[in-house]
Visitor: 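Structure in structure tokens, see below.
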2 protein chains.
Amino acid sequence: MATGRSTQHNPNPAGGTRRSRGRGIPDATVARLPLYLRALTALSERSVPTVSSEELAAAAGVNSAKLRKDFSYLGSYGTRGVGYDVEYLVYQISRELGLTQDWPVVIVGIGNLGHALANYGGFASRGFRVAALLDADPAITGNVVAGLPVRHTDEMEEIVRDERVSIGVITTPPGAAQQVCDRLVAAGVTSILNFAPTVLNVPDGVDVRKVDLSIELQILAFHEQRKAGDDLADEDGEVPSAPAAAVVSGRGPEQGHGYEEAAG
Amino acid sequence: MATGRSTQHNPNPAGGTRRSRGRGIPDATVARLPLYLRALTALSERSVPTVSSEELAAAAGVNSAKLRKDFSYLGSYGTRGVGYDVEYLVYQISRELGLTQDWPVVIVGIGNLGHALANYGGFASRGFRVAALLDADPAITGNVVAGLPVRHTDEMEEIVRDERVSIGVITTPPGAAQQVCDRLVAAGVTSILNFAPTVLNVPDGVDVRKVDLSIELQILAFHEQRKAGDDLADEDGEVPSAPAAAVVSGRGPEQGHGYEEAAG
DNA sequence: TAGATTGTTAATCGATTAACAATC
DNA sequence: TAGATTGTTAATCGATTAACAATC
């Protein structure tokens with residue numbers, strides 16, 4: 001949501017309905033489990049033994065009805081009149097998310113962003129292990145980043161195979177992303193986190209999630225514009241639906257304020 | 001969001017129903033407009049004059065029914081039997097997203113990630129202008145990053161005011177994020193893009209979107225685990241709902257494979 | 001006119017929410 | 001028992017999708 005940020009293909013790789021297998025968990029719920037887990041981990045570090053749905057929801061930034069509904073998909077892990085046992089819930093959510101096992105990941109493209117991710121602390125603490133850093137540029141390979149040597153992308157297939165890597169992170173320039181993706185998938189990777197601003201095409205059974213700074217900013221700009229518009233009279237004053245022919249020659253005011261009033 | 005990335009508070013700051021004002025556009029549609037815009041820009045660069053909903057949808061990674069429905073919220077910008085004029089649609093979507101005006105942003109926290117964002121090309125090309133880079137560390141202030149001097153956070157309020165900054169990007173450590181957020185908001189910022197793994201509390205009227213690497217990876221791990229489980233018999237073999245009392249003492253196997261079979 | 005493709009309708013599906021019975 | 005809080009139900013809402021009439 002990206003979401004926001006969102007799976008490009010195969011949000012539900014098992015196919016069929018959204019909750020096909022056994023106690024299937026809705027996508028929206030899965031996306032919130034990490035939020036709950038983070039809040040619970042903070043409580044755990046403060047040695048808080050139990051927490052109510054109301055308190056935990058506040059800490060996670062959701063409402064309590066949603067939280068209880070989400071937890072109901074996992075099972076009945078609370079105690080009526082008491083709340084949830086923090087440690088127990090940390091474990092159950094971790095298990096559900098697959099974080100009780102070790103996930104080797106490779107990061108491909110060690111520019112500024114790859115560098116930042118390699119140094120990101122949240123990796124190791126949550127069951128993810130950086131198996132290798134890869135780059136195609138000989139000027140970069142051999143450098144040590146975050147304690148790891150940057151290896152050449154020539155070694156990609158070997159590393160993915162030997163280290164049983166199933167998750168790849170792509171931080172290359174957009175032009176290289178699809179090719180890197182293809183090679184990762186061919187080598188056995190089945191989940192891709194894509195930071196390159198490109199749509200990746202992948203075969204069935206491969207999950208792609210993307211993180212796109214530019215998209216997030218554009219969504220903010222949209223709402224920001226709305227706010228600014230609300231300050232004026234009423235922005236929806238029937239902008240004439242200009243006939244296409246009249247605009248084909250130029251694309252209209254680029255950075256200017258042709259049709260609309262300034263929003264600042 | 002995203003999630004996916006997702007607005008924490010006020011996904012619809014105008015309040016009321018999801019589509020309150022005039023020709024209000026659903027959140028899901030707004031989140032896809034940047035995708036269409038990117039695909040259209042690529043077509044524009046190749047001097048493609050028109051495109052059908054089918055072609056454009058394929059390029060953007062969505063289905064064509066959804067695309068046409070999305071565009072219908074913007075107006076009737078297509079021509080039956082022909083398709084959409086690329087340049088005209090680029091302009092209309094840009095205008096709808098507020099990209100025909102200039103958005104000054106500040107980036108607070110110039111570590112690895114802030115550094116990466118400052119160098120990110122997608123910024124400038126889409127109406128966003130980095131008005132300032134800020135950091136609290138005197139060892140970092142004064143450095144030139146992406147052609148801009150890193151200024152001290154002491155100057156935050158002055159810069160936000162003078163440059164009319166309404167969008168702030170937070171790339172600080174999690175412990176500093178809320179305080180930075182509070183100061184940005186107090187200074188006049190009304191949209192925040194948060195890369196720190198913290199829930200930010202903001203007053204009504206302020207939008208927060210967050211980008212969280214760790215959450216994206218955890219969602220991938222969940223699906224990855226499912227895939228692995230599908231290879232075995234049937235993973236849903238009634239894991240006994242362990243009584244809370246039995247687990248309170250320890251949190252169960254941490255990185256181990258206590259309850260579950262290995263998924264690799 | 002015939003072919004192509006949009007814009008819209010209506011059905012379906014998933015997500016959210018409030019309310020409350022169950023029960024600790 | 002009385003108070004507190006979960007887990008679930010049912011209503012509502014938003015998003016997706018296929019189909020097709022409108023129309024270029």
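Remember, predicted model here, so these are calculated numbers, not experimental data. Reminder, nothing fancy here: chain letters follow the sequence lines and each chain counts from 1.
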Visitor: Just how far, in rounded Å, is C1' of C:dA15 from CG of A:Asp70?
Guide: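 Distance, rounded to whole Å: 10 Å.
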Visitor: Report the C-alpha separation of A:Thr29 and A:Asp70 in whole Å, then their side-chain angles, then the decisive distance to 0.1 Å, and conclude whether the side-chain hydrogen bond (donor to acceptor under 3.5 Å, both in side chains) test is met.
Guide: CA-CA 6 Å; A:Thr29 296; A:Asp70 284 342; 2.7 Å; yes
Visitor: Hey, does B:Tyr120 have a side-chain heavy atom less than 4.5 Å from the side chain of A:Ser214?
Guide: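 When only atoms from C-beta onward are counted, B:Tyr120 and A:Ser214 do touch, with a gap below 4.5 Å.
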Visitor: Using the closest heavy atom to pick a nucleotide of DNA chain C for each, name whichever of B:Gly78 or A:Thr29 lands nearer the 5' end.
Guide: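 Of the two residues, B:Gly78 wins.
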Visitor: Would you write out the dot-bracket form of DNA chain C, 5' to 3', with Watson-Crick and G-U pairs under 3.5 Å, [ ] for crossing pairs, | for pairs to other strands and . for unpaired bases?
Guide: ..||||||||||||||||||||||
Visitor: Do B:Asp207 and B:Ser191 have side-chain N/O donor and acceptor atoms under 3.5 Å apart?
Guide: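 No, no side-chain donor-acceptor pair sits under 3.5 Å.
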Visitor: Are B:Tyr84 and C:dG7 close enough that a side-chain N or O sits under 4.0 Å from OP1 or OP2?
Guide: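 Affirmative; the distance criterion is met.
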Visitor: Report yes or no: do B:Glu224 and A:Thr190 form a side-chain donor-acceptor pair below 3.5 Å?
Guide: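 Yes, because at least one side-chain N or O of B:Glu224 sits under 3.5 Å from a partner of the opposite role on A:Thr190.
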Visitor: Does B:Ser53 place a side-chain N or O at less than 4.0 Å from the phosphate oxygens OP1/OP2 of C:dT6?
Guide: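 Indeed, a polar side-chain atom of B:Ser53 lies that close.
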Visitor: Let me know the distance between CD1 of A:Ile25 and P of C:dG14, rounded to the nearest Å.
Guide: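 Value for this atom pair: 15 Å.
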Visitor: Grab the OH-C1' distance between B:Tyr77 and C:dG7 for me, whole Å please.
Guide: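 These atoms are roughly 14 Å apart.
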Visitor: With side chains defined as the heavy atoms from C-beta onward, is the minimum distance between B:Leu99 and A:Gln218 less than 4.5 Å?
Guide: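 A side-chain contact under 4.5 Å exists here.
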Visitor: Side chains of A:Gln92 and A:Tyr88: any donor to acceptor distance under 3.5 Å?
Guide: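 Yes.
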Visitor: I'd like to know if the side chain of A:Thr198 pairs up with that of A:Gln178 as donor and acceptor (distance under 3.5 Å, no hydrogens or angles considered).
Guide: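 No - no donor-acceptor pair under 3.5 Å links their side chains.
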Visitor: Whole-Å distance between C:dA15 C1' and B:Asp27 CG?
Guide: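 After rounding, the gap between these two atoms is 13 Å.
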Visitor: Can B:Ser53 and B:Arg68 be counted as having a side-chain donor-acceptor contact under 3.5 angstrom?
Guide: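 Yes, because at least one side-chain N or O of B:Ser53 sits under 3.5 Å from a partner of the opposite role on B:Arg68.
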Visitor: Taking the six-membered ring for Trp, are A:Phe71 and A:Tyr77 closer than 6.0 Å centroid to centroid?
Guide: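 No: the rings miss the under 6.0 Å criterion.
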Visitor: When every nucleotide of nucleotides 17-24 of chain D is labelled 5' to 3' by its protein contacts under 4.0 Å (heavy atoms), B for base, S for sugar-phosphate only, - for none, what sequence of letters results?
Guide: BBB--BBB
Visitor: Please report the distance, rounded to the nearest Å, between OH in A:Tyr73 and C1' in D:dT9.
Guide: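 Rounding to the nearest Å, OH of A:Tyr73 and C1' of D:dT9 are 12 Å apart.
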Visitor: So what does B:Phe71 touch, heavy atoms closer than 4.0 Å: a base, only the sugar-phosphate, or nothing?
Guide: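 No contact.
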